[in-house]
There are 2 protein chains.
Amino acid sequence: MEQIKSTSLASEAFDRVVEAITSGEFEPGQKISEAHLARQLGISRGPIREALHRLEGRLVSRVPRIGVRVIQFGEEELRQLFYLREAMEGMAARLAAENASDKWLRSLEAMLQRHSSEIEGAGKRVYRQRTSDEDFHFSIAQASKCENIERLLLNEVYYQLRIHRLRSSRQPGRADKALKEHFEIVEQLKQRNPDGAEEAMRAHIRAARESSLAML
Amino acid sequence: MEQIKSTSLASEAFDRVVEAITSGEFEPGQKISEAHLARQLGISRGPIREALHRLEGRLVSRVPRIGVRVIQFGEEELRQLFYLREAMEGMAARLAAENASDKWLRSLEAMLQRHSSEIEGAGKRVYRQRTSDEDFHFSIAQASKCENIERLLLNEVYYQLRIHRLRSSRQPGRADKALKEHFEIVEQLKQRNPDGAEEAMRAHIRAARESSLAML
DNA sequence: ACTTGCAAAACTGTCAACAGTTGACGAAAT
DNA sequence: ATTTCGTCAACTGTTGACAGTTTTGCAAGT
């Protein structure tokens, strides 16, 4: 038997707006009008309001009586996002090292092997909503068995990161280095070394931060 | 010049619900009816819906077509909350050690001196919405100059922590130990030692975690 | 050219009402 | 006594309308 999904208009609208923002359809700083968006999606303003409120502070900023805008993303905001990421993903790696099952560890390693061969045939710089990198990091967040961290990474960090990724090129050779760092993280996880796993993850994210900031 | 405050009914309702939950007026697990709450506050359901949605995942959990309930708080949830707290506040302390002004450091130390004398006259276990402990920790979050961390600590962590604090007694002598740990954190901040500050903060929160869990 | 004042349009905050769903209660059937 | 079924009240999701505010476009004045 399969679950019946009766999704609400508000959730639908939420997904659409996230998609529109993280895919670049809505520019950073652009104003989003409730009424206009409601007409565009063919529903009333209620569900739209709900969706936009759920995004407040994450992907849009709101000014009372004025409206909501897609968040702007400067160097400082990006740096701070990486600080938050370092803290949370570092802890996630630590917890994963303590909690993860052997089965999961093997599947994570298999994922890295796939990514490894993807990089070989490296021509394809096609856009994909969820990158290999995000899959790896999110998998570790899940393995931490800490719902708070998992939820916040998903809702706060990764959404914002996609906006940035969309508008900036990556340093040449960064993918290779990142993959090596991923392998180092897996190695620490396999050794069930919480300190090592956390430090490897944090070093990886610091490196990603410096690389991203260097491209601005 | 002073800012004109034009607070909306939704924000008002939001504050009221937070107050009701963190003060214990609404029990954990209790269902909150939009219609009932709207009648109670004398406004329509729109602003209420908005307020409850902003609390989703933080202080209330929502089931589609059923309604919202005040979150339940078990041992595991509490442990995970402390993991998140350790990660974020550790990073906050690190950033504070790097960024904070000397003026702020002196005011933080003065705050600790006040807390110190408060504990002397320790009879007053009166309930206060914001405890001395929370003031100390939030001040460091502000000094980190990282808006993400500040916002998430406020909206995600401290609210939930208040629910727990309300319903559990503290270990005898914990206040004294906590104060000593606070002084250690300040010491590391004064020395502008990021590693030391982060580790002191994390050790402090681990100790608070163990103490809290021991009381269940 | 630049500001000032004003009127119209557009938009947000709020409300009241409607439709469909859920959960509870009690009657009927086994 | 227990289960099944149908009814009903309460509630959530959604809508359209109203009021007040902000923005915009334009005209008049400096």
Side-chain angles (χ1 to χ4, degrees), chain A residues 1-21 25-72 155, chain B residues 1-21 25-72 155:
Chain A
M1 291 286 281
E2 202 168 314
Q3 184 139 352
I4 298 174
K5 58 165 182 181
S6 88
T7 177
S8 68
L9 293 184
S11 300
E12 204 71 29
F14 179 89
D15 291 341
R16 294 290 198 93
V17 175
V18 169
E19 172 70 21
I21 294 178
E25 191 177 338
F26 289 172
E27 298 286 325
Q30 179 183 338
K31 185 165 185 305
I32 301 179
S33 155
E34 291 178 3
H36 187 251
L37 186 57
R39 279 193 298 273
Q40 199 168 322
L41 294 184
I43 59 179
S44 75
R45 278 177 50 220
I48 299 286
R49 273 183 78 84
E50 192 176 313
L52 291 181
H53 273 290
R54 269 159 59 180
L55 285 172
E56 186 175 350
R58 297 164 167 77
L59 288 180
V60 306
S61 63
R62 156 176 290 259
V63 183
R65 296 229 151 255
I66 303 294
V68 304
R69 316 186 79 88
V70 180
I71 55 166
Q72 302 261 24
N155 291 331
Chain B
M1 291 285 283
E2 202 167 313
Q3 185 130 351
I4 299 172
K5 60 164 184 184
S6 87
T7 179
S8 66
L9 292 184
S11 300
E12 206 70 29
F14 179 88
D15 292 341
R16 293 287 198 95
V17 175
V18 169
E19 172 70 22
I21 294 178
E25 190 177 338
F26 289 171
E27 297 285 325
Q30 178 183 339
K31 185 166 184 306
I32 302 179
S33 156
E34 292 177 3
H36 186 249
L37 186 57
R39 279 192 298 272
Q40 200 167 321
L41 295 185
I43 60 179
S44 77
R45 278 177 51 221
I48 299 287
R49 272 182 79 84
E50 193 176 313
L52 291 180
H53 272 288
R54 267 157 62 177
L55 284 172
E56 184 174 351
R58 297 161 167 76
L59 288 181
V60 305
S61 63
R62 154 177 292 260
V63 184
R65 297 228 153 256
I66 303 296
V68 303
R69 316 188 80 88
V70 181
I71 56 166
Q72 302 261 24
N155 291 332

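In what follows, chains are A, B, ... by sequence order, proteins preceding strands, each numbered from 1. Basis for what follows: all heavy atoms, side chains included, without hydrogens, waters or symmetry-related copies.
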Between CZ on residue A/R62 and CZ on residue A/R65, distance to nearest 0.5 Å: 11.0 Å

Between D/dA10 (P) and B/L37 (CG): distance, integer Å: 17 Å

Contacts of type salt bridge (Lys or Arg N to Asp or Glu O under 4.0 Å), residue A/E25, not counting sequence neighbours: none

Using a cut-off of under 3.5 Å, enumerate the N/O to N/O pairs linking the protein to nucleotides 10-16 of chain C.
unit_1, atom_1, unit_2, atom_2, d
C/dT12, OP1, A/E34, N, 3.4
C/dT12, OP2, A/E34, N, 3.3
C/dG13, OP1, A/R62, NH1, 3.4
C/dG13, OP1, A/R65, N, 3.4
C/dG13, OP2, A/R49, NH1, 2.8
C/dG13, OP2, A/R49, NH2, 3.3
C/dG13, OP2, A/R62, NH1, 3.1
C/dG13, N7, A/R45, NH2, 2.9
C/dG13, O6, A/R45, NH1, 3.0
C/dT14, OP1, B/L9, N, 2.6
C/dC15, OP2, B/S44, N, 3.1
C/dC15, OP2, B/S44, OG, 2.8
C/dC15, O5', B/S44, OG, 3.4

Non-hydrogen atoms of B/I21 and B/L59 that approach each other most closely: CD1-CB, 4.0 Å

Reported CD1-to-CG distance for the pair B/I48 and B/L41, which is rounded to 0.5 angstrom: 4.5 Å

Value in whole Å for how far the P atom of D/dT15 lies from CD of A/E12: 13 Å

Separation of D/dG13 C1' from A/F14 CZ (nearest whole Å): 18 Å

Neighbour count above 12 (heavy atom, 6.0 Å) for B/R58 CZ: yes

